[in-house]
Every structure is written in structure tokens, then in C-alpha cells.
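Since the structure comes first, as C-alpha cells, the remarks are kept for the end.
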Amino acid sequence: MSEIKNKVVMVTGGGANIGREIALRFAEKGAAVVVLDYNAENAERTVKEIEDMGGKAMAAPCDVRDREKIFAYVRQAEARFGTVDVLVNNAGGSAGLLGKLTRFVDAEVETLDFVLDTNIKGAMHCTQAVLPGMIAKKYGKIIHMSSIAAVVGLVDRVDYSAAKAALIGMAKALAQEVGQYNICVNCVSPGAIHRAGCAPMEHMTQLGETGHGGMPSDIADAVLFLSEQDYITGENLVVDGGRTLGVSHR
Ligand SMILES: NC(=O)c1ccc[n+]([C@@H]2O[C@H](COP(=O)([O-])OP(=O)(O)OC[C@H]3O[C@@H](n4cnc5c(N)ncnc54)[C@H](O)[C@@H]3O)[C@@H](O)[C@H]2O)c1
């Protein structure tokens, strides 16, 4: 089991909702946190929250599609805090971010590019930026934020379902390449998670789902758990309160 205290953690999309909760959780455990988010205001707000609780953090205002900037921020973070020990590839989302959810037959190629680039290549850029440091240190934990969309598929989100499934494949293949360097690569697949400012979602009370509806803290718990494990790699941890379990009748 690995200690998080004094580790360096980079959380993409760490400015709000699930990513913010993960960033704060690692800071509470004594890690220095690099908050990468294309919304600079969100990134700075999370950094301030961490500093206000006595922690160390740095904002990296950048899009996960911007490979050059990511590499530059990782070098800055390494110079300031040391090697990035834990990478949480959390930034992502569906065509809903563009207001363009639609049946696949009607999906525009620009939307497909946006969803695949953000979810898949974004995670690849960030992973390639931190991997040399992890390999040199012979230590690392990489956690991709997938989704139940990868496991069961979601209508109007064919591109997103495919992209999130790609992260699971990526984790399994990369885990085999980097196990020899003591690096673990895993995924967390959330169900419907409450977002700040939104009303509780209808599907949170679907058949089979446990009572309280998913909260960002449920996902932060899972990410922290995986970041502390040394013998779990190439796995996908579904955290959905049972939503994707078999159909049954009450
Ligand atoms: N919320 C859910 O119900 C849910 C369910 C399953 C999976 N997920 C996945 O969890 C992750 C986080 O979800 P969320 O709902 O907290 O996200 P969100 O849309 O609330 O965004 C969180 C933060 O990520 C930042 N961000 C978005 N795109 C970015 C980019 N390209 N580069 C850098 N920063 C970016 C935003 O500015 C924001 O501060 C995503 O990968 C999402 O696909 C979410």
C-alpha cells in the first residue's frame, strides 16, 4: 500500500465537480496538487481552497487537447514539487458540453473530433507528459476517468461511450508496459454523479441504484483507493451504486 502524504498529484479538470473533489481529497492527505483545467478561474479557485487548508498546489490553466502546454506545465510542476507521482486523467465529457447530444447517424465530424480528442488524446498527452518522470523514479499511479457509458453504452453518446471504452483499453495495455517500473494504470467508471448547481438527476433513483445518488466524494474515494494500491493494475472500478447491474423486478 502506498502513502499519499508528500506525493505530487496532477488532476485534470480539477477546477470543478468530480476533479475538484479529487484534488481536495489528495490535498487533505498531504499531497501537493497540480490542478490542470482549461477554466483558469476554476483552477485558481481549487488551488486557493487547497492553500487555505495549508496545502501546496499549483494551477495549470490549459486544455487537455493542448499537448505542448501540458508538457510545459508538467515540467514546471516537476521543477516546483518534484516528479508527478499520481496522474488523474479526469477532464472529459460528452457532446453535451457543446450542446450537441444526438443520435450517432446525425453526429457532426467536428463533434466526434471534440469528444475523441478530449477524452482519449487528452488522457494520452497527459500520460506521456508524466511517464518519463515516473519511469525514472520507478513509481507511479495513473487513473483514467472512464464512465458506465464504456461498460453499457449510452444513447446519444456513441462517441463518448467509445472514447471512455478506449481509456479502459489504454489502461490495460499500458499497465503491461509499465508494470516493470512499479507503475499502476487503472480506470474508475462513475455512474450519474451530482454536479454543483444542478438539480438531483432523475436517473439517480433508477431501479437497482442505491439510495443516495452518486456524489463527487464517492468518486474521490475510489480514486484515492486506487492511488494507494500497488497490486491492482489494468482494472476498471465501476462506481455507480449498482445502476448497471442486471435487470431485476422489485
Ligand atoms: N458527472 C457525471 O455524472 C459523470 C459520469 C461518468 C463519468 N464522468 C466523467 O468524469 C469526469 C468529470 O466529470 P464532471 O461532471 O465533474 O466534469 P465537468 O464537466 O463538471 O468538468 C469538470 C472540470 O473539467 C474542466 N474541463 C473540461 N474539459 C476540459 C479540457 N478539455 N481541458 C481541461 N479542463 C477541462 C472544466 O473546466 C471543469 O472545471 C469527466 O471525464 C466525465 O466524462 C462524469
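Counting convention: from 1, in listed order, for ligands and their atoms alike. Quantities reported herein were computed from a predicted structural model and do not represent experimental measurements.
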Problem set entry | S161 side chain reached by V158 side chain, heavy atoms, under 4.5 Å |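 No; the side chains remain at least 4.5 Å from each other.
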Out of [options], indicate the one that has the non-hydrogen atom closest to [atom].
| atom | options | answer |
| --- | --- | --- |
| atom 30 (C) of ligand 1 | Y38, F114, Y160 | Y38 |
| atom 4 (C) of ligand 1 | S147, G191, A192 | G191 |
| atom 2 (C) of ligand 1 | V64, I193, I219, N90 | I193 |
| atom 14 (P) of ligand 1 | R157, R45, R195 | R195 |

Could you check whether any heavy atom of [X] sits closer than 4.0 Å to an atom of ligand 1, since that is the contact criterion I want to use?
| X | value |
| --- | --- |
| K164 | yes |
| C62 | yes |
| D63 | yes |
| G93 | yes |
| M145 | yes |
| S146 | yes |

For this session: List every atom of ligand 1 that sits less than 4.0 Å from any heavy atom of T118, numbering the atoms from 1 in the order shown and giving each element.
Result: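 What qualifies from ligand 1 is 31 (N).
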Problem set entry | Atoms of ligand 1 close to G13 [distance to a heavy atom under 4.0 angstrom, numbered from 1] |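 In order of number, 22 (C), 23 (C), 24 (O), 25 (C).
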Carboxylate-amine/guanidinium contact [X] [Y], below 4.0 Å:
| X | Y | answer |
| --- | --- | --- |
| D63 | K69 | no |
| R20 | D37 | no |
| K48 | E51 | no |

With a heavy-atom distance limit of 4.0 Å, tell me whether [X] approaches ligand 1 through its side chain, its backbone, both, or neither.
| X | value |
| --- | --- |
| A149 | neither |
| R20 | neither |
| I18 | both |

What do you reckon, is [atom1] of [X] surrounded by more than 12 foreign heavy atoms closer than 6.0 Å?
| X | atom1 | answer |
| --- | --- | --- |
| K121 | NZ | no |
| Q180 | CD | yes |
| K29 | NZ | no |

Problem set entry | Short side-chain to backbone donor-acceptor contact, T111 and A107, under 3.5 Å |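 Such a contact is absent between T111 side chain and A107 backbone.
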Exercise. For K141, which of T233, D230, N186 qualifies under side-chain hydrogen bond (donor to acceptor under 3.5 Å, both in side chains)?
Worked result: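 It is D230, the one option of T233, D230, N186 that forms the side-chain hydrogen bond (donor to acceptor under 3.5 Å, both in side chains) with K141.
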